[in-house]
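To keep things clear, I will list the structure first and then write my remarks on it.
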Amino acid sequence: MSKQEQQEVLGETLGPLSDNERIKRESHFLRGTISEDLKDAVTGGFTSDNFQLIRFHGMYQQDDRDIRAERAKQKLEPLHNVMLRARMPGGVITPKQWLAIDKFASEKSLYGSIRLTTRQTFQFHGVLKPNIKLMHQTLNSIGIDSIATAGDVNRNVLCTSNPVESELHQQAYQWAAKISEHLLPKTNAYAEIWLDGEKIEETDQEPILGDNYLPRKFKTTVVIPPLNDVDVHANDLNFVAIAEEGKLVGFNVLVGGGLAMTHGDTTTYPRCADDFGFIPLEHTLDVAAAVVSTQRDWGNRSNRKNAKTKYTLDRVGIDVFKEEVQKRAGVKFETSRPYTFTERGDRIGWVEGIDGLHHLTLFIENGRLLDFPDKPLKSGVAEIAKVHQGDFRMTANQNLIVAGVPAEQVKEIEQIARDYRLVNEKTSQQRQNSMACVSFPTCPLAMAEAERFLPDFVSEIENILDNHKVPETESIITRVTGCPNGCGRAMLAEIGLVGKAPGRYNLHLGGNKAGTRVPKMYKENITVEQILTDIDELVGQWAQKRRDKEAFGDFVIRAGVVDEVKVSKRDFYA
Ligand code: SRM
Ligand code: SF4
């Protein structure tokens, strides 16, 4: 490689470093002046550097956008508060932990809700400055932290949450937990700031993440085919479990997925991950560290919009990146072992695992657990937690599994779930397969409604399906994100709405059931009325002209409504 090529691979020719790089460098291993800022009672917020740094500790500064203008009129600063996102590899949480987070959300957060996320964890919204330390100490007392659930680090590691094949799930879950630990920041900053821990500067070394941490957020999953419930193609690094006779023997490794883009910037695009090949189990942690460190050294630190692994792969070439990972990990990827993904959703209702235990998946619309006037959902889960002897699993589809229920307790749990409206047989397949990000009022980046818009939008889609006599057993994977960042994973949906402005969205079509295809933009910046008119027309065509059980996302491509996105960099905007 010539010197110039080397510099290009290292990203040295991409321009001056972004300000986030300065913030990380000067942060003294993520400490900044957060502790001092916490004591400043004059403002409810954090200074600009700490505003970024608290993310590495799992928090975002927010304010309620519904009341922002009103407060400004009254010459008040926005009602600053933080959102916290916990670190829960594989989404596993015990009933005791649940009861503690339920209590904290009820007593100390502005909204009183627990929000299950698309990455298998929960968020508290609306925690005011005086309660932040208490929040971390409460979590710590029950064995939960929020380290590295945000910021330029490896985030919460996902793992297929379907516990039916319990033994395999258990093994996969243990790997998710190990990978999470292995890639975690080593600085003691979290313990010092939030848990009043002793200052231990000897630990100030980051052998994997590097002293300046990663160029951008980094996401990892462990998935058990044929279920792609974690949506691997939204993630930088994925370990696809390969089993022989029910025992995990290794992983196929997929690198470079990600869904975000920026309106009007065609250098940004959603992209599926590439298959690097198979590795035996014992190389898992080395490969994880090698992918992370290659991205650490080669990722774009000048332009944060082009900083994720997906862009590094497209800039340096997949083969060059893969070769470097092999070199750093000291392994050679073997030919990928065969596997297929067939579906993504959670199986709502009861299933019996191979170990004879029972698992109840509760559909939680938008993942929002709150006591609604007609549905006391949050109290219902707390009541289950009081008697449940197994654990809970948060899914990557914002649902909750009551896992590991012995046969003799099934009736009791079922009764509680029914009493609190956590079970509703009338919920359609369509609703179960629809999802939205948080968006308004808490998300500062929201351009259009998502969570608050989804329930009525789904009702309209249900009517359309009904009018065209689509059987109730069928549905179209429909997702809404309030802006092009893609938190609701609309860029892997059959119908994807991407927020553009209040009441206006870009309409994308053509994802598939397995989640292995990015949908293409069909129309830009259109109203909800227009979207429903278009969907009505297209569902009508689908219902009449589909072949066998052809899915909607496949039909719109075959019928030429949109082109297939095969290679994002080439096809997404073509
Ligand atoms: Fe996200 C930023 C919510 C999953 C891509 N995301 C945000 C913030 C924190 C807004 C901000 O930066 O201030 C949102 C907070 C809203 C709120 O009030 O809670 C937010 N993201 C969420 C959650 C809660 C959506 C949900 O409805 O469940 C999900 C939390 C996941 C978790 O537990 O860790 C969430 N975010 C995702 C996903 C989906 C996934 O990972 O499977 C994506 C797309 C996949 C990807 O990363 O490519 C996603 N979020 C983003 C981005 C764009 C990143 C990029 O590559 O440019 C941002 C903005 C950013 O980082 O600059 C963002
Ligand atoms: Fe906020 Fe946009 Fe993510 Fe929705 S997609 S939560 S609006 S950042």
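When a ligand or atom number is given, it counts from 1 through the structure's own listing order.
- Backbone and side-chain nitrogen or oxygen atoms of Leu259 are examined, and one is located within less than 3.5 angstrom of a nitrogen or oxygen of ligand 1.
- Inclusion of Lys217 in the set of residues having an N or O under 3.5 Å from an N or O of ligand 1 is warranted.
- Counting atoms of ligand 1 from 1 in the listed order, those under 4.0 Å from a heavy atom of Gln398 are 26 (C), 27 (O), 28 (O).
- Remark: atom 8 (C) of ligand 1 lies closer than 4.0 Å to no protein heavy atom.
- With a heavy-atom cut-off of 4.0 Å, Arg115 touches ligand 1 through its side chain alone.
- Ranking the protein heavy atoms by distance from atom 3 (Fe) of ligand 2 puts Cys487 SG, 2.2 Å first.
- Heavy-atom minimum distance, Leu313 versus Phe276: CD2-CZ, 4.0 Å.
- Close contacts between ligand 1 and Pro444 involve ligand atoms 13 (O) [criterion: under 4.0 Å to a heavy atom].
- Residue contacts with ligand 1 leave out Gly488, since none of its heavy atoms falls under 4.0 Å from the ligand.
- Per-residue contacts place His125 under 4.0 angstrom from the following atoms of ligand 1 (heavy atoms of the residue considered): 17 (C), 18 (O), 19 (O).
- The option with the heavy atom closest to atom 24 (C) of ligand 1, from among Gln123, Met261, Arg304, is Gln123.
- Ligand 2 lies within reach of Ser439, whose nearest heavy atom is under 4.0 Å from it.
- Inclusion of Cys437 in the set of residues having an N or O under 3.5 Å from an N or O of ligand 1 is not warranted.
- With hydrogens left out, the protein atom closest to atom 4 (C) of ligand 1 is Thr118 OG1, 3.2 Å, a heavy atom.
- Looking at Ser439 next to ligand 1, no N or O pair under 3.5 Å apart turns up.
- For atom 43 (C) of ligand 1, the nearest non-hydrogen atom from the set Arg489, Lys219, Met59 belongs to Lys219.
- The pair Glu181-Lys178 does not meet the salt-bridge criterion, since no charged nitrogen lies less than 4.0 angstrom from a carboxylate oxygen.
- One option in Glu451, Arg155, Arg87, Arg85 has a heavy atom closer to atom 34 (O) of ligand 1 than any other, and that option is Arg85.
- Inclusion of Thr121 in the set of residues having an N or O under 3.5 Å from an N or O of ligand 1 is not warranted.
- Distances below 4.0 Å separate heavy atoms of Gly258 from the following atoms of ligand 1: 48 (O).
- A heavy-atom separation below 4.0 Å is found between Arg216 and ligand 1.
- Considering every non-hydrogen atom in both Glu451 and Ser439, the closest pair reads N-CB, 4.5 Å.
- Using a 4.0 Å cut-off to heavy atoms of Lys308, the atoms of ligand 1 that qualify are 46 (C), 47 (O), 48 (O), 56 (O).
- Using modelled atom types, one finds a donor on one side chain and an acceptor on the other under 3.5 Å when comparing Asn512 with Thr516.
- The parts of Ala446 lying near ligand 2 are both backbone and side chain, judged by heavy-atom distances below 4.0 Å.
- Both cation-pi conditions hold for Lys129 and Phe46: the charged atom is under 6.0 angstrom from the six-membered ring centre and inside a 45 degree cone around its axis.
- Only the backbone of Ala436 comes within 4.0 Å of ligand 1, judged by heavy-atom distances.
- More than 12 non-hydrogen atoms from other residues, nucleotides or ligands lie less than 6.0 angstrom from NZ of Lys500.
- Because the distance cut-off is set at 2.8 Å, Cys483 qualifies as a neighbour of atom 2 (Fe) of ligand 2 through one of its N, O or S atoms.
- Taking a cutoff of 4.0 Å between a charged side-chain nitrogen and a carboxylate oxygen, Asp371 and Lys378 do not qualify as a salt bridge.
- A salt bridge does not link Arg393 with Asp346: every distance from a Lys NZ or Arg NE/NH1/NH2 to an Asp or Glu carboxylate oxygen is 4.0 Å or more.
- Atom 16 (C) of ligand 1 has its closest protein heavy atom at Cys443 CB, 3.6 Å.
- Residue contacts with ligand 1, taken as heavy atom pairs separated by less than 4.0 Å, involve Thr442 via backbone and side-chain atoms alike.
- Between Leu445 atom CG and Phe440 atom CZ the span is 10.0 Å, to the nearest 0.5 Å.
- Atom CD1 of Ile193 and atom NE2 of His57 lie 4.0 Å apart (nearest 0.5 Å).
- Using a cut-off of 4.0 Å between Lys/Arg side-chain N and Asp/Glu carboxylate O, Asp49 and Arg22 are scored as salt-bridged.
- Protein heavy atom in closest approach to atom 55 (C) of ligand 1: Ala260 CB, 3.2 Å.
- The nearest non-hydrogen atom to atom 23 (C) of ligand 1, considering only Ala86, Gly367, Cys487, comes from Cys487.
- In terms of heavy atoms, Met394 sits closest to Gln120 at O-CG, 3.0 Å.
- Taking CE of Met261 as the start and OG1 of Thr266 as the end, the distance is 12.0 Å to the nearest 0.5 Å.
- When only modelled atom types and interatomic distance are considered, Asn50 and Asp37 share a side-chain donor-acceptor pair under 3.5 Å.
- In the candidate list Thr481, Leu445, Val480, Leu445 is nearest to atom 12 (O) of ligand 1, counting heavy atoms.
- At a 3.5 angstrom cut-off on N or O pairs, Asn485 does not count as close to ligand 1.
- A salt bridge links Asp231 with Arg479: the closest approach of a Lys/Arg side-chain nitrogen to an acidic carboxylate oxygen falls below 4.0 angstrom.
- To the nearest 0.5 angstrom, Asp236 atom CG is 9.5 Å from Lys217 atom NZ.
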